Amino acid sequence: WVQTVSQAYELLFYEQNGKFNPRSRQLKDEQWATQECILGWNVQGIWPKFSDGSDINMVNKSNSEKYLASAEDSGLIKIFNYPCIGSGLDRRGKLRRRPDCHRHHAHSSHVTNVVWNTSDEYVLSAG
């Protein structure tokens, strides 16, 4: 499977042969080799309160699969535990409690990409 996010902020899934899979719910427990999509069940907690969907540009799961780094328009890089799911949804569909994270002021403006080094000691960023 391949997962991607459309410009309309839809999480889309494709088979390796390129065939679209419209039944995304059946893949919610899928174990992904990487996590670079900003949408998904395992990254629900990355979104800041009152976010409009364009605030986060990239996420990257660590090689050990213990952490998730996010790159934000605010110049922040945040490090979360992975999976990053928060504490469930309230009656309006909003997260009740956002997960804790380490916040790093890394850039003066948009951070466009983050990646872990092979030992997960460092996060490299571009922006």
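Predicted model only: the values in this text are computed from it and were never measured.
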message: To the nearest 0.5 Å, what is the distance between OH on Y82 and CD on E65?
response: 7.0 Å

statement: Output for pair (Q31 CD, D29 CG), nearest 0.5 Å, gives 8.0 Å

Heavy-atom donor-acceptor pair, D120 side chain to N63 backbone, under 3.5 Å: yes

message: Has Q3 got a side-chain atom pairing as donor or acceptor with V5's backbone, closer than 3.5 angstrom?
response: no

- prompt: Is there a path from L12 to W41 through hydrophobic residues (I, L, V, M, F, W, Y) whose side chains come within less than 4.5 Å of each other?
  reply: no

Side chain proximity check, Y9 to I38, heavy atoms < 4.5 angstrom: yes

- prompt: Any side-chain donor paired with an acceptor under 3.5 Å for E36 and T34?
  reply: no

- request: Find out whether L39 and W47 are in side-chain contact, i.e. whether some heavy atom of one side chain is under 4.5 Å from a heavy atom of the other.
  value: yes

query: Can you check whether H110's main-chain N or O pairs, donor with acceptor, with N57's side chain at less than 3.5 Å?
result: no

message: Quick check for you: to the nearest 0.5 Å, what is the distance between N60 atom CG and Q35 atom CD?
response: 9.0 Å

K61 and L68, any side-chain heavy atoms less than 4.5 Å apart: yes

message: How long is the straight-line distance from CD1 of I46 back to CG of D55, given to the nearest 0.5 Å?
response: 10.0 Å

query: Quick check, are the ring centers of F13 and W32 under 6.0 angstrom apart?
result: yes

- request: Establish whether I56 and L124 are linked, either directly or via other cluster members, by ILVMFWY side-chain heavy-atom contacts under 4.5 Å.
  value: no

- request: Determine whether V115 and V123 make a side-chain contact, defined as any pair of heavy atoms from C-beta on separated by less than 4.5 Å.
  value: no

- prompt: Hey, is CD on Q16 packed in by over 12 heavy atoms from elsewhere, all under 6.0 Å?
  reply: no

- prompt: Do the side chains of I79 and V43 join up, straight or via other hydrophobic residues, at under 4.5 Å, putting them in one cluster?
  reply: no

Shortest non-hydrogen contact from F80 toward G45: CE2-O, 3.9 Å

Which atom of G40 lies closest to which atom of L11, heavy atoms considered: CA-CD2, 3.6 Å

message: Between W116 and S64, is there a side-chain heavy-atom distance shorter than 4.5 Å?
response: no

- prompt: Do you know the tightest heavy-atom contact between G127 and T112?
  reply: CA-OG1, 3.7 Å

query: Looking only at heavy atoms, what is the nearest atom pair of S125 and I77, with distance?
result: CB-CD1, 3.3 Å

- line: Nearest heavy-atom contact between R23 and Q26 is O-CG, 3.0 Å

- prompt: So, for L76 and K78, which heavy atoms are closest and what is the spacing to 0.1 Å?
  reply: CD1-CE, 3.9 Å

message: I need the E72 CD to H107 NE2 distance, nearest 0.5 Å.
response: 12.0 Å

Ring centroid separation F20 to Y14 under 6.0 Å: yes

- line: The reported gap from OH in Y67 to CG in N81 (rounded to nearest 0.5 angstrom) is 6.5 Å

field: Pairwise side-chain contact, D73 with S109, heavy-atom cut-off 4.5 Å (strictly under)
entry: no

